[in-house]
Amino acid sequence: MEKKIFSGVQPTGNLHLGNYLGAIKNFVDLNNDTKNECIFCVVDLHAITVSQNPKELKSSIHETVATFVASGIDPQKSIIFNQSKVSAHSEAAWILSCVAKMGWLNRMTQFKEKAGKDKEKANIGLYSYPVLMAADILLYDSTHVPVGDDQKQHLELCRDIAQKFNNDFEIENFFIIPEPLIKKGFSRIMSLKDGLKKMSKSEVSDLSRINLTDDKDQIANKIKKAKTDTLPLPSTIEELEKRPEAKNLMGIYSSLTNNTFRKSIDEFAGKNFSEFKEKLSDIVINEINPISMKIKELLEDKVFLEKILKDGCEKANEIASKKVKKIHEILGF
Ligand code: AQP
């Protein structure tokens with residue numbers, strides 16, 4: 001079956017190893033399968049749910065496009081565009097916010113985490129973020145959505161919204177109910193400074209993440225300084241489960257070598273972290289360094305990056321505006 005793929009990445013700063021292993025690597029595999037139609041969106045409307053510096057936002061948009069291309073997404077085959085330039089996204093988000101229930105949104109853990117203790121001061125966009133995400137996906141009749149494990153709950157909400165719209169207006173399959181594509185195995189990469197916190201662009205400490213633009217020395221230094229415990233590496237999965245930092249580093253190693261946890265544990269059981277970290281550094285550098293060099297090269301050519309976005313916006317706009325027109329007819333506008 002042909003899959004219609006949609007996914008987005010926020011241009012909120014340095015893309016990191018978590019974005020790469022949780023999402024972008026998967027995008028590349030999907031792009032390479034000739035049977036798939038893929039759309040990859042730079043979700044700049046999502047980015048402004050937290051305060052952004054306009055100049056930095058502009059360069060983050062370019063950096064996200066450059067990262068897509070440097071990682072192996074082919075702009076001739078897949079549509080790459082930025083969300084704000086296709087107004088159907090904002091329009092559909094409003095319409096779907098009149099379908100989604102407050103109770104559904106109140107359960108979203110990402111809002112709780114990002115809003116922190118003072119929910120009253122959080123902006124409405126941060127709260128309704130998953131409704132915009134549903135609009136992004138549903139406008140393109142997407143069948144599959146590759147996301148990191150942290151986005152699973154938002155995708156379930158998207159499915160609920162689509163189902164409710166179809167039921168309310170009695171049109172079976174008007175919105176396709178999309179399937180999440182979450183990488184099997186180790187899919188949530190954690191901070192290098194705290195094995196219980198997700199690796200994130202917005203984390204203040206740069207040492208908490210490996211940026212896709214980091215050079216060899218930066219990567220080696222960050223892995224060297226990554227938090228660990230004092231014990232040698234474990235010999236059982238049960239023991240690894242109790243040691244979050246060791247589990248995270250072992251998970252990164254397993255993801256990049258396509259090994260199971262079992263195999264990685266067997267390789268390093270009883271050894272000390274310094275030996276393991278050296279091997280891990282080599283593996284990470286080997287994967288990330290060619291991407292980081294390509295990103296730097298692409299960022300020198302803003303005209304090329306702008307052209308990718310312009311072409312992608314035209315194609316995306318054509319698909320999305322037709323869907324919005326049909327929504328208008330259904331609603332009686
Ligand atoms: N740590 C992670 N492990 C695995 N997957 C991850 N993703 C993000 N962090 C990890 C996946 O990357 C894709 C793009 O994410 P995003 O930039 O749109 O938003 P996010 O999930 O909020 O990522 P960040 O890095 O934490 O950004 P900020 O700090 O700006 O909020 C998604 O598919 C996501 O699952």
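What you see is a predicted model; the values in this text were computed from it and never measured. Heavy-atom basis, side chains included; hydrogens, waters and symmetry copies ignored. In each ligand, atom 1 is the first atom listed, and ligand 1 is the first ligand listed.
Protein heavy atom closest to atom 34 (C) of ligand 1, with residue, atom name and distance, is D150 OD1, 3.4 Å. The protein heavy-atom contact nearest to atom 33 (O) of ligand 1 is G148 N, 3.1 Å. Scanning all protein heavy atoms for the shortest distance to atom 17 (O) of ligand 1 gives K201 NZ, 2.2 Å. Annotation: atom 14 (C) of ligand 1 to nearest protein heavy atom, N19 ND2, 3.6 Å. Nearest non-hydrogen protein atom to atom 18 (O) of ligand 1 is Q10 N, 3.1 Å. At the top of the distance list for atom 30 (O) of ligand 1, counting protein heavy atoms only, stands T12 OG1, 2.9 Å.
Residue Y129 has no N or O atom closer than 3.5 Å to an N or O atom of ligand 1. At least one N/O-N/O distance between I189 and ligand 1 falls below 3.5 Å. At least one N/O-N/O distance between K198 and ligand 1 falls below 3.5 Å. Any N or O atom pair closer than 3.5 Å counts here, and G18 shares at least one such pair with ligand 1.
Under the 4.0 angstrom criterion for non-hydrogen atoms, S187 is in contact with ligand 1.
In the candidate list C41, S200, P180, S200 is nearest to atom 24 (P) of ligand 1, counting heavy atoms.
Each of the following atoms of ligand 1 lies closer than 4.0 Å to a heavy atom of K114: 22 (O), 28 (P), 31 (O). Heavy-atom proximity to S202, at under 4.0 Å, picks out these atoms of ligand 1: 28 (P), 29 (O). Less than 4.0 angstrom separates some heavy atom of A23 from each of these atoms of ligand 1: 12 (O), 13 (C), 33 (O). For ligand 1, the atoms sitting less than 4.0 Å from at least one non-hydrogen atom of G22 are 4 (C), 5 (N), numbered in the order shown with element in parentheses. Against a heavy-atom cut-off of under 4.0 Å, H16 is close to the following atoms of ligand 1: 9 (N), 25 (O). Of all atoms in ligand 1, numbered sequentially from 1 with element shown, those under 4.0 Å from a heavy atom of V147 are 33 (O).
Of the options D168, N167, D160, a side chain to side chain donor-acceptor pair (under 3.5 Å) to K164 is made by D168 and by none of the others.
In this structure the side chain of L57 reaches within 4.5 angstrom of the side chain of P11, judged on heavy atoms. The closest side-chain heavy-atom distance from I182 to N26 is not below 4.5 Å.
Within a 6.0 Å radius of CD in Q153, other residues, nucleotides and ligands contribute more than 12 heavy atoms. Within a 6.0 Å sphere centred on NZ of K325, other residues, nucleotides and ligands contribute 12 heavy atoms or fewer. The 12-atom threshold is exceeded at NZ of K302, counting heavy atoms of other residues, nucleotides or ligands nearer than 6.0 Å.
Ring geometry for H89 versus Y140: interplanar angle of 30 to 60°, hence tilted.
A side-chain donor-acceptor contact under 3.5 Å links H46 and D136.
Salt bridge absent: E203 and R209 never bring a charged side-chain N and a carboxylate O closer than 4.0 Å.
No donor-acceptor distance shorter than 3.5 angstrom exists from the side chain of S208 to the backbone of S191, with no hydrogens or angles considered.
Side-chain rings of F111 and Y129 stay apart, their centers remaining 6.0 Å or farther from each other.
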